[in-house]
**Q** 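Pasting a structure here, questions to come.
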Amino acid sequence: MIFILLLLTLLIMSTTATTAETRKFKLAPLPYAYNSLEPEISEETLRFHHDKHHAGYVAKLNTLIAGTPYEMMSLKSIVEKSDGAIFNNAAQVWNHDFYFDTLSPTPKSKPEGALLEAIVGEYGSLENMQKAMDEAAVNLFGSGWVWLVANNDGRLSIMSGANADNPLRYGLHPLLTIDVWEHAYYIDYRNARADAVRAIWNRVDWQKVEQRYSSVLHKGLL
Ligand code: MN
């Protein structure tokens, strides 16, 4: 009898431990090989960017939310509702997951369909839209992110966000983003942010961006 009770206690303890474990956010693995975005982004950059910077935000977030109500929330909810250090780290985790997921070793090179129509409608051409994002990235003072976003009606705009800022805070739907923190490009491009930003376009997977836009048009959630 005592043995069975002991066994049950151990079983309950291990279940509790497992549940607590699953409340922690995990670093999403890089969705492709570290050297597969070369020459635009080097293996060394991706190893630092994903394994050091991105991993650092995940670890810090887990430390900060321990024992707070945020521990039980989704990452998206934390990004939408938190402030200060918890927001900074949660948004950096969300932004990096989204950024790495936007790039591909074998990207679809041009948008089509509803997304292309919206881009042409708003900017005249894909090239003009890319130029506008390049300019926004070059002109963003300090660290941050430049976003192509859609509102609830599917209307496109470009958002410059300082530090960890994120379009979800403003009820906007992120479609693609460029990381303009120096850690994203300094190993490969040094101070030449404009070159780094232009090179990124070769690795943007427009199929991903089309899928995100389609879910906005169909009122789906990202
Ligand atoms: Mn980054």
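Both ligands and their constituent atoms are indexed starting at 1 by order of listing. A quick note: this is a predicted structure, and the numbers were derived from the prediction, not measured.
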**Q** Start with the C-alpha gap between D134 and R198, add the side-chain angles, then the distance that decides, and say whether salt bridge (charged side-chain N to carboxylate O under 4.0 Å, His left out) holds.
**A** CA-CA 7 Å; D134 291 349; R198 267 195 298 273; 5.2 Å; no
**Q** Short check: any N/O/S atom of H96 below 2.8 Å from the Mn ion (ligand 1)?
**A**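 A backbone or side-chain N, O or S atom of H96 is under 2.8 Å from the Mn ion (ligand 1).
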**Q** Can you confirm if the NZ or CZ of R212 lies within 45° of the ring axis of F98 and under 6.0 Å from the centre of its six-membered ring?
**A**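 So R212 does make the cation-pi contact.
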**Q** I'd like to know: is the Mn ion (ligand 1) within the 2.8 Å range of an N/O/S atom from H49, strictly under that distance?
**A**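 Of the N, O and S atoms in H49, at least one lies under 2.8 Å from the Mn ion (ligand 1), which means yes.
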**Q** Taking the six-membered ring of Y32, is NZ or CZ of R203 closer than 6.0 Å to its centre and within 45° of its axis?
**A**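 No - R203 does not lie over the ring of Y32 by the 6.0 Å and 45° rule.
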**Q** Can you name the N, O or S atom of D179 that is closest to the Mn ion (ligand 1)?
**A**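 When I compare the N, O and S atoms of D179, OD2 is nearest to the Mn ion (ligand 1).
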**Q** Is the distance between the ring centroids of H50 and H96 under 6.0 Å?
**A**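 For H96 and H50, the ring centres are not under 6.0 Å apart.
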